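Let me begin by presenting the structure, written as structure tokens, before commenting on it.
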Amino acid sequence: MTVPLTAPGIAAGAVLCFARALGEFGATITFAGSFPGVTRTLPIASYLAMNSDPDTAIALALVLLAVSLGVLLALRDRWLPGTA
């Protein structure tokens, strides 16, 4: 009952999240550059690895996903008290 009522909000949130992620990536690759060992971030490393070694790119993407999931799980009590 709750999910159908919140579906438009969830869809809008997903679209905004995707748009923000693209915007942050573009700003990082444009202004920070991609100097190995100096300014290269994990998303940029994954993007660049996609051309030469797709397996490495997938591994880097999985690391990013695991870190994101870990942060969300670690902070869930802050947003949803009593769920731990």
Side-chain angles (χ1 to χ4, degrees):
M1 182 73 170
T2 303
V3 174
L5 294 174
T6 60
I10 291 172
V15 169
L16 288 172
C17 180
F18 181 72
R20 171 132 188 203
L22 287 178
E24 293 294 327
F25 177 77
T28 302
I29 201 163
T30 302
F31 296 112
S34 180
F35 303 111
V38 179
T39 60
R40 184 167 293 173
T41 61
L42 204 53
I44 292 174
S46 177
Y47 172 74
L48 294 174
M50 208 51 180
N51 291 326
S52 60
D53 189 8
D55 291 334
T56 301
I58 290 170
L60 291 172
L62 290 175
V63 167
L64 282 170
L65 185 62
V67 168
S68 298
L69 186 61
V71 168
L72 287 174
L73 289 176
L75 297 175
R76 70 176 174 219
D77 282 338
R78 184 174 206 161
W79 297 307
L80 301 171
T83 58

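Values in this document were obtained by computation on a predicted structure and should not be read as measured data.
In this structure L42 satisfies the side-chain contact (heavy atoms from CB on, under 4.5 Å) test together with L60, V63, L64, sequence neighbours excluded. By the side-chain contact (heavy atoms from CB on, under 4.5 Å) test, L48 is found to be paired with S34, R40, I44, residues two or more places apart in sequence or in another chain being considered.
Shown here for P4 and P8, the closest heavy-atom pair between the two residues is O-CD, 3.9 Å. When every heavy atom of S46 is checked against every heavy atom of A57, the shortest pair comes out as OG-O, 3.3 Å.
Residue pairs meeting the side chain to side chain donor-acceptor pair (under 3.5 Å) criterion with at least one member in residues 55-65, sequence neighbours excluded, are D53-T56.
The other residues sharing a hydrophobic cluster with L69 are L73, where clustering joins ILVMFWY side chains under 4.5 Å apart.
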